[in-house]
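In what follows, a single structure is set out as structure tokens and then discussed.
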Amino acid sequence: MGTPDLAATCLENLLRRADFQIIAAVTQPDRPRGRNLQLHPSPVKTIALRAGLPVLQPERARDEAFIQQLRSLSPDLITVAAFGQILPRAILELPPHACLNVHTSLLPKYRGAAPIQWAILNDESITGVTIMKMDAGLDTGDILSREQTPIQPDDDSQTLHDRLATMGGNLLSRTIPDWVSGKIAPQPQPADGVSHAPKIRKEDGRIDWTQPARTLWNRIRAFTPWPGAFTYLPGDAQPQILKLWEAAPVAESGPPGVVMRRDKNGITVGCGDGALLIRSLQKQASRRMTAGEFLAGHELKPGTKLG
RNA sequence: CGCGGGGUGGAGCAGCCUGGUAGCUCGCAAGGCUCAUAACCUUGAGGUCCUGGGUUCAAAUCCCAGCCCCGCAA
């Protein structure tokens, strides 16, 4: 059971294994997306259909009809990765070998919807994936296995996500046989070190230039590629949203939000502590551009105040 | 009919409201300058202003129709 790319990657990994038989995929119903709000299948559905798997798309996982349907499949084990709905106890207790969840943090840290983003936001140097036996709480189940990875300076949520998805798929595939054969003793999550990673909202991506450059740098990386960190470009009529894609902290200082310099390296903007060098960005209703491309068509004089 | 922006030399943009010589930054080419540079100076090449129709003495600009592109929507 799962919905976005993370789950699709895990599913692909499981499909490559000859020792499991996958009997069905469960994912969220097709949602309207794209320029004309047409219905689009989730990444998991796309992969599942390609593999010829039956696909279930319950509007509500707690509906009795769906639970019955699931029961009739009599799965030995259910794996869950970013499914997007809370599973009722009836489903958690349905398979003899339980429901296993792939979570992209080192539990008990960063329980919740956006562990990858929060790890970057909080300047963590290490994160990872955890396979746990699901219980009724939010990411509170017993731990079966974990794997770590460092967060690199050039990581953003996309690159970290991709890496963790691959690791998660592999770890899940390796963990299942050991779990089913009884080689793994579930470890309760320690009470210490619990933290939460709530959903991020679009407006959380707004850059507050009075904050230190390193903090803003983390915010930009955490919000890339979605929903994007942004600031405002003062305009003739209305300020325009300016999404910041790539930036790096530099050892200079200037008044917060003020463009200090613009050259071939990028656009240097003062922060509360230090400065940020913007390397690529995107104006409202336009595509992503390098700083050089952007500057070719926009004056953006030094002294311009963003925000 | 989900909301919005746009199509102007190779790239990014201005010009359109208020019709009248095609403009800016960058790139490219040639020459110059410099110990030197993703430096600087000079000169140059390169454009059916998306397409079709309409209005007009005159349309990149105004009107109608069409095609294409992009952003937002998790």
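Because only heavy atoms are used, hydrogens play no part in the values below, and waters and symmetry mates are left out as well, while side chains stay in. Note that the structure is predicted; figures quoted are calculated from it, not measured. The chains referred to below are lettered A, B, ... by the order of the sequence lines, with proteins before strands, and numbering in each begins at 1.
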Contact under 4.0 Å: A:K243 side-chain N or O vs B:C72 OP1/OP2
yes
A:D123 with A:R214: basic N within carboxylate O range, under 4.0 Å:
yes
Which nucleotide, in any strand shown, forms a Watson-Crick or G-U wobble pair with B:A29, with both distances under 3.5 Å?
B:U43
Take atom P in B:C17 and the same atom in B:U61, then report the distance between them in whole Å.
9 Å
Is the phosphate of B:C72, meaning OP1 or OP2, less than 4.0 Å from a side-chain N or O of A:R35?
no
OP1 or OP2 of B:C13 under 4.0 Å from side-chain N/O of A:S286
yes
Watson-Crick/G-U partner (both atom distances under 3.5 Å) of B:C57
B:G20
Of A:N36 and A:R288, the one whose closest nucleotide on RNA chain B sits nearer the 5' end is A:N36
Find the distance A:Q38:CD to B:C72:P and express it as a whole number of Å.
17 Å
Between A:L242 (CG) and B:C72 (P), how many Å, whole number?
13 Å
Are A:R33 and B:G2 close enough that a side-chain N or O sits under 4.0 Å from OP1 or OP2?
no
With C1' as the reference atom in both, quote the distance from B:A29 to B:C69 in angstrom, rounded to an integer.
31 Å
Pick base, sugar-phosphate or nothing for A:G292, based on heavy-atom distances below 4.0 Å to the nucleic acid.
nothing
Please measure how far the C1' atom in B:C64 lies from the corresponding atom in B:U55, and state the result in whole Å.
11 Å
Mate of B:U37 across any strand shown (Watson-Crick or G-U wobble, both atom pairs under 3.5 Å) is none
Does any donor atom in the side chain of A:T290 or A:S280 lie under 3.5 Å from an acceptor atom in the other side chain?
no
Could you check which of B:A38, B:C13, B:G71 has an atom nearest any side-chain atom of A:Q282?
B:G71
From CZ of A:F294 over to P of B:A11, roughly how many Å is that when rounded to an integer?
18 Å
From C-beta outward on A:A285, which listed nucleotide comes closest to its side chain: B:G4, B:G2, B:C13?
B:G4
Whole angstrom is fine here: how far is it from CZ in A:F230 over to C1' in B:C72?
13 Å
Rounded to the nearest Å, what distance is computed from the CD atom of residue A:Q284 to the C1' atom of nucleotide B:C3?
12 Å
Quickly work out the A:Q240 CD to B:C72 P distance and round it to whole Å.
14 Å
Results of ring-ring contact (aromatic ring centres under 6.0 Å, His included) for A:H161 - residues two or more places apart only
none
Can you tell me which nucleotide in B:A11, B:C13, B:G2 comes closest to the side chain of A:A296?
B:A11
Restricting to non-hydrogen atoms, name the atom on A:M134 and the atom on A:V80 that form the minimum distance, rounded to 0.1 Å.
SD-CG2, 3.6 Å
Take atom P in B:C70 and the same atom in B:U37, then report the distance between them in whole Å.
41 Å
For the residue pair A:R111 / A:Q189, report whether a side-chain donor-acceptor contact shorter than 3.5 Å exists.
yes
Re B:C72: Watson-Crick or G-U wobble partner, both distances kept under 3.5 Å, found to be B:G2
Partner residues of A:D263 under the side-chain hydrogen bond (donor to acceptor under 3.5 Å, both in side chains) criterion, sequence neighbours left out
A:R261
CG of A:L37 versus P of B:C3: gap in Å, rounded?
9 Å
Please examine the side chains of A:L160 and A:R163, heavy atoms only from C-beta on, and report whether any two atoms are closer than 4.5 Å.
yes
Rounded to whole Å, how long is the line connecting atom CG of A:L295 with atom C1' of B:U25?
9 Å
Could you give the distance separating B:U25 and B:U42 at their P atoms, to the nearest angstrom?
11 Å
Taking only the C1' atom of each, what is the distance from B:A22 to B:A60 in whole angstrom?
9 Å
